[in-house]
**Q** 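This is the structure I want to talk about, given as structure tokens.
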Amino acid sequence: MIALVDGNNFYVSCEKVFNPALDGKPVVVLSNNDGCVISRSNEAKALGIKMGEPAFKRKEFMEQNNVTVFSSNYTLYGDLSNRMMKTLQNFSPNVEVYSIDEAFVSLEGITANTEDYAHKIKATIHKHIGIPVGVGVAETKTLSKIANKIAKKNNGVCVIDSETKKEWALRNTLIADVWGVGRQYAKKLNSIGIITAYDFTKLDSAWIRKNMSVVGLRTKEELLGTPCIAMEMNLQPKKNIATTRAFGKKLSDVNIISEAVSTHAVRCAEKLRRQKSRAQYITIFIHTDPFSQTEKYVYKSKTLTLAIASNNNSDLVKYAIHGLKELFEPKLLYKKVGVIVSGISDEMQVQGSLFEGMNDKKRDTVSIITDQLNFRFGKDVVKLAVQGNNPDWKLRQEKLSPHYTTRWNELLKVKA
DNA sequence: TCTGGGGTCCTAGGACCC
DNA sequence: TCTGGGGTCCTAGGACCC
């Protein structure tokens with residue numbers, strides 16, 4: 001059996017850990033740049049605030065209804081997530097961290113009563129981290145996702161361990177809510193009369209193969225109880241790494257945009273070094289405001305091949321700036337730039353270049369020491385001059401909560 | 001005025017090889 | 001006049017996930 005443990009309204013729940021007075025009140029967390037609503041408390045959902053809604057459209061409504069609003073604080077959520085995953089590892093040696101707020105936990109070899117065990121997991125996470133979770137248990141990942149959804153409507157735990165329960169669960173789950181079935185497939189399936197997960201398990205496999213590829217076929221088998229999606233316990237290195245941000249305000253100055261691009265490139269380099277990889281390609285993209293009524297939308301991108309795969313700051317920045325200069329058109333008002341690195345290989349296995357020799361060890365050392373200093377003293381304490389200091393491209397984060405668990409000077413103060 | 005930021009996998013079709 | 005049969009690699013686009 002596999003348990004899916006999933007934090008309820010995760011980002012909002014993280015904020016509530018340090019603001020217990022918010023319990024029972026409407027709370028939302030916004031995306032970067034305070035753009036869209038990306039996490040809502042149950043009370044906020046009840047008010048009709050939708051996932052992904054632009055915050056500015058709901059500003060007045062949220063003020064009138066005393067909704068507490070937070071900018072996203074990924075440092076905090078990431079830290080609480082790590083703690084949650086560590087706690088889960090006490091329950092099973094086989095934990096797959098699936099996303100920031102959920103994990104699959106293999107219950108293979110656990111002899112305790114499944115229902116009791118699931119309740120114990122839920123209670124322990126709540127006690128240790130302060131986050132409410134739902135636990136869904138079933139034979140396959142796809143079924144445990146369904147169990148988890150049912151759990152959240154009940155007391156937080158749902159175990160599907162018999163044919164009767166399975167059929168009930170499948171009959172009471174819309175096909176659109178099944179893991180692996182998105183909007184497009186749901187529409188197509190509904191149009192031929194497939195409404196529930198149960199209907200889908202009765203659908204002809206050849207039709208599924210033809211219209212939804214092998215991925216759809218796996219979903220059908222998983223719903224029937226045959227595992228097709230394995231547990232993946234080891235963190236796999238990323239095949240693509242991206243750092244992209246919308247600007248705090250629209251920009252047309254290439255020098256300021258260069259600061260943003262080079263900082264994004266450095267972030268990508270840091271992510272590469274963290275997973276001990278190097279990248280062979282770098283893509284730079286830039287675009288204007290896609291929502292603008294008055295200006296035309298312009299999107300451009302450029303992919304460059306590095307002479308030698310690299311993960312050091314100055315290499316990636318050099319290529320990124322080069323790419324930007326090729327894309328940049330004066331007089332346009334830009335809204336966002338991004339850097340994506342790909343062609344990722346192991347740090348230790350680098351193909352040298354016929355013309356440029358091997359990697360420059362000195363520059364790699366500089367990057368490593370920069371990492372150490374920045375980890376100890378704070379992000380970008382040591383940086384390249386081109387990264388600059390102009391605030392215009394930086395995110396809007398007007399409602400940011402403190403970094404309660406990761407910065408000494410932002411620790412919660414308690415009066416006793 | 002104000003609309004996020006990451007990822008993965010699969011397939012078809014074209015270009016190429018013998 | 002007749003024009004096979006087997007592969008691989010790459011890319012763009014489309015679907016999905018959080």
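Order of the sequence lines sets the chain letters (A, B, ...), proteins ahead of strands, with each chain counted from 1. Keep in mind it's a predicted model, so treat the numbers as computed, not measured.
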**Q** Is it true that A/T173 and A/K149 share a donor-acceptor pair across their side chains at a distance under 3.5 Å?
**A** no

**Q** Look at atom NZ of A/K250 and say whether more than 12 heavy atoms of other residues, nucleotides or ligands are closer to it than 6.0 Å.
**A** yes

**Q** Would you classify A/R209 as touching base, sugar-phosphate or nothing, given that sugar-phosphate means primed atoms plus P, OP1 and OP2, and contacts are heavy atoms under 4.0 Å?
**A** sugar-phosphate

**Q** Can you give me the closest heavy-atom contact between A/F91 and A/Y117, atom names plus distance?
**A** O-OH, 2.6 Å

**Q** Can a cation-pi geometry be assigned to A/K141 and A/F104, taking NZ or CZ under 6.0 Å from the six-membered ring centre and within 45° of the ring axis?
**A** yes

**Q** Determine the contact category for A/K59: base if any of its heavy atoms lies under 4.0 Å from a base atom, sugar-phosphate if only primed atoms, P, OP1 or OP2 are that close, otherwise nothing.
**A** nothing

**Q** I'd like to know if A/D23 pairs up with A/K16 as an ion pair, taking the criterion as any Lys NZ or Arg NE/NH1/NH2 lying under 4.0 Å from an Asp or Glu carboxylate oxygen.
**A** yes

**Q** For nucleotides 8-18 of chain C, read 5' to 3', which letter fits each nucleotide if B means a protein heavy atom sits under 4.0 Å from the base, S means only the sugar-phosphate is that close, and - means neither?
**A** -------SSSS

**Q** Base, sugar-phosphate, or nothing for A/K336, non-hydrogen atoms under 4.0 angstrom?
**A** sugar-phosphate

**Q** Looking at every heavy atom in both A/Q387 and A/S262, which two are closest together, and how far apart are they?
**A** CA-OG, 3.7 Å

**Q** Does DNA chain B take part in any stems of at least 3 consecutive Watson-Crick or G-U pairs (both distances under 3.5 Å), and if so, which ones?
**A** B:5-18 with C:5-18

**Q** NA contact type, A/K187, heavy-atom cut-off 4.0 Å: base, sugar-phosphate, or nothing?
**A** nothing

**Q** Kindly say if A/R245 contacts the phosphate of B/dG6, meaning a side-chain N or O under 4.0 Å from OP1 or OP2.
**A** yes

**Q** A/C36 side chain: which of B/dG5, B/dG7, B/dG4 is closest?
**A** B/dG4

**Q** Please confirm whether the backbone N or O of A/E102 pairs with a side-chain atom of A/D6, one donor and one acceptor, at under 3.5 Å?
**A** no

**Q** At under 4.0 Å between heavy atoms, what does A/S72 touch on the DNA or RNA strands: base, sugar-phosphate, or nothing?
**A** nothing

**Q** At under 4.0 Å between heavy atoms, what does A/L30 touch on the DNA or RNA strands: base, sugar-phosphate, or nothing?
**A** nothing

